[in-house]
Protein chains: 2
Amino acid sequence: MTTRDKLVQAAATLLDRGGEQAVTLRAVGHAAGLSHNAPYKHFRNRDALLAAVAAADLESLTCTFADIRSSTQSPKDELLAALGSLVTFSRERPARYRLVFSAPTLAQADPDLQAQSAACLGEIMAMVEDCKKAGELPDAPTKSLASLFLATIHGLVTMEANGMLQREKGLPTVEENLEMMASLLSG
Amino acid sequence: MTTRDKLVQAAATLLDRGGEQAVTLRAVGHAAGLSHNAPYKHFRNRDALLAAVAAADLESLTCTFADIRSSTQSPKDELLAALGSLVTFSRERPARYRLVFSAPTLAQADPDLQAQSAACLGEIMAMVEDCKKAGELPDAPTKSLASLFLATIHGLVTMEANGMLQREKGLPTVEENLEMMASLLSG
DNA sequence: ACCTGAACACCGTTCAAGT
DNA sequence: ACCTGAACACCGTTCAAGT
């Protein structure tokens, strides 16, 4: 494990434990057993380190999607499983989820990150394509359906994280919303 | 205009000009013609000031929605106009949009903000209700449809801000996605 | 090539006064 | 009640050395 990887790992752990504000370069360096500015030998600045964490998480998500796609479930179940893994990720690692899907400044500045998120969306598109072939989704453009699915998931988990989807308010959960969308699309 | 309002206004302007990182209490105080810690006489800390900006924007959005709802358009056009105003807000004032719809730490900590966002969602629900009565939306629970619409809009504008929806990639725009969703729901 | 320690400018926050 | 100025601890970043 290279020093660079150790720094990325340390930053990810700090994100999980204390959110983005806990990721100071001093804390990252210390957690990796190095000095407070060792990170500068591997990353241009703090944003570049955060972008590296996001890129690693995106790559991992893309792999998860690829695994799901090579399973034996029906295309629609595979798609739902992939979207479900995004929901899980946002709940278990909210700070890292935000970095990946809701950090415009980071995403705009880092072409590598853009490429990784395009690859991730690509996996979703492949699943949508399979669903359409199996007649499990309406015959709309694949890219449109895929981006709509991803957007809906992202919007729902963000609203959940913001406390806008709460049982006491009679609002449906993320899962219930997804089911409804699926049934509306089926006809 | 009270001093408190001046501080909120100054923070909002700084958000528009330089994003969240530009909102230092020193800059806010200075922009309001006060010292660097005058904000502390009106807000518990920086987060409380940002929450006040978000609450003001939410209230303004809710008013806009109420205006649209009292127009003479068809219910469906009113709903689309309301969602469109959210898209416009996110494009013209991205930092403030993020504060309102994508700042979990802020939202969780401030009950006032929670109440304002519930009121805003309430307006959307009323429009959905009108659409259902006019037969312009399927007969699903109002709360489900409303949260699904809001989530979809939020997801789409976030993806756009992140650079994930780009013409060159053959991906549909926010508007195209909305049209598709509307047509899928209609039939 | 990779790392450290000192240093700088900046920021959130607190505190003791001022009117 | 509202404001100011000094002060503190902390942080991102830079720089001059060290191996």
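These figures come from a predicted structure and were not determined experimentally. Order of the sequence lines fixes the chain letters, A, B, ..., with proteins taken first and strands second; residue numbering starts at 1 for each chain.
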NZ/NE/NH1/NH2 to OD/OE distance under 4.0 Å, B:Arg69 and B:Glu123: yes
Can you give the donor-acceptor pairs under 3.5 Å from side chains of residues 21-36 of chain A to other protein atoms, not counting sequence neighbours?
from: A:Thr24; atom 1: OG1; to: A:Ala27; atom 2: N; distance (Å): 3.0
from: A:Ser35; atom 1: OG; to: A:Asn37; atom 2: N; distance (Å): 3.4

Do any pairs count as a side chain to side chain donor-acceptor pair (under 3.5 Å) and have a residue in residues 44-67 of chain A, sequence neighbours left out, and if so which ones? A:Asp57-A:Arg96
Assigning hydrophobic clusters by single linkage (Ile, Leu, Val, Met, Phe, Trp, Tyr; side-chain heavy-atom cutoff under 4.5 Å), is A:Leu80 placed with A:Leu184? no
Can you confirm whether B:Tyr97 sits close enough to B:Arg93 that some side-chain heavy atom of one is under 4.5 Å from a side-chain heavy atom of the other? no
Gap separating the CE atom of A:Met125 from the CG atom of A:Asp130, nearest 0.5 angstrom: 12.5 Å
Determine which bases of DNA chain C form Watson-Crick or G-U wobble pairs with both distances under 3.5 Å, and write the result as a 5' to 3' dot-bracket string with | for other-strand partners. ||.|||||...|||||.||
Hey, what are the protein-to-nucleotides 10-13 of chain C N/O distances that come in under 3.5 Å?
from: C:dG12; atom 1: OP1; to: B:Arg46; atom 2: NE; distance (Å): 3.4
from: C:dG12; atom 1: OP2; to: B:Leu25; atom 2: N; distance (Å): 2.9
from: C:dG12; atom 1: N7; to: B:Arg26; atom 2: NH1; distance (Å): 2.4
from: C:dG12; atom 1: O6; to: B:Arg26; atom 2: NH2; distance (Å): 3.1
from: C:dT13; atom 1: OP2; to: B:Tyr40; atom 2: OH; distance (Å): 2.8
from: C:dT13; atom 1: OP2; to: B:Arg46; atom 2: N; distance (Å): 3.0
from: C:dT13; atom 1: O5'; to: B:Tyr40; atom 2: OH; distance (Å): 3.0

Donor-acceptor pairs under 3.5 Å, side chain of residues 156-164 of chain A to any protein atom, not counting sequence neighbours: which ones?
from: A:Thr158; atom 1: OG1; to: A:His154; atom 2: O; distance (Å): 2.7
from: A:Glu160; atom 1: OE1; to: A:Arg91; atom 2: NE; distance (Å): 2.9
from: A:Glu160; atom 1: OE2; to: A:Arg91; atom 2: NE; distance (Å): 3.4
from: A:Glu160; atom 1: OE2; to: A:Arg91; atom 2: NH2; distance (Å): 2.9
from: A:Asn162; atom 1: ND2; to: B:Phe101; atom 2: O; distance (Å): 3.0

Does B:Leu14 share a hydrophobic cluster with B:Leu49, counting links as ILVMFWY side-chain heavy atoms below 4.5 Å and allowing steps through other members? yes
Among residues 2-16 of chain B, which ones have heavy-atom contacts with DNA chain D below 4.0 Å? B:Thr3
A:Leu79 side chain near A:Ile68 side chain, heavy-atom distance below 4.5 Å: no
Using heavy atoms to find the nearest nucleotide of DNA chain C for B:Lys41 and A:Ala38 separately, return the residue whose nucleotide is more 5′. A:Ala38
Distance-only, no hydrogens or angles: does the A:Lys132 side chain make a donor-acceptor pair with backbone N or O of A:Ala140 under 3.5 Å? yes
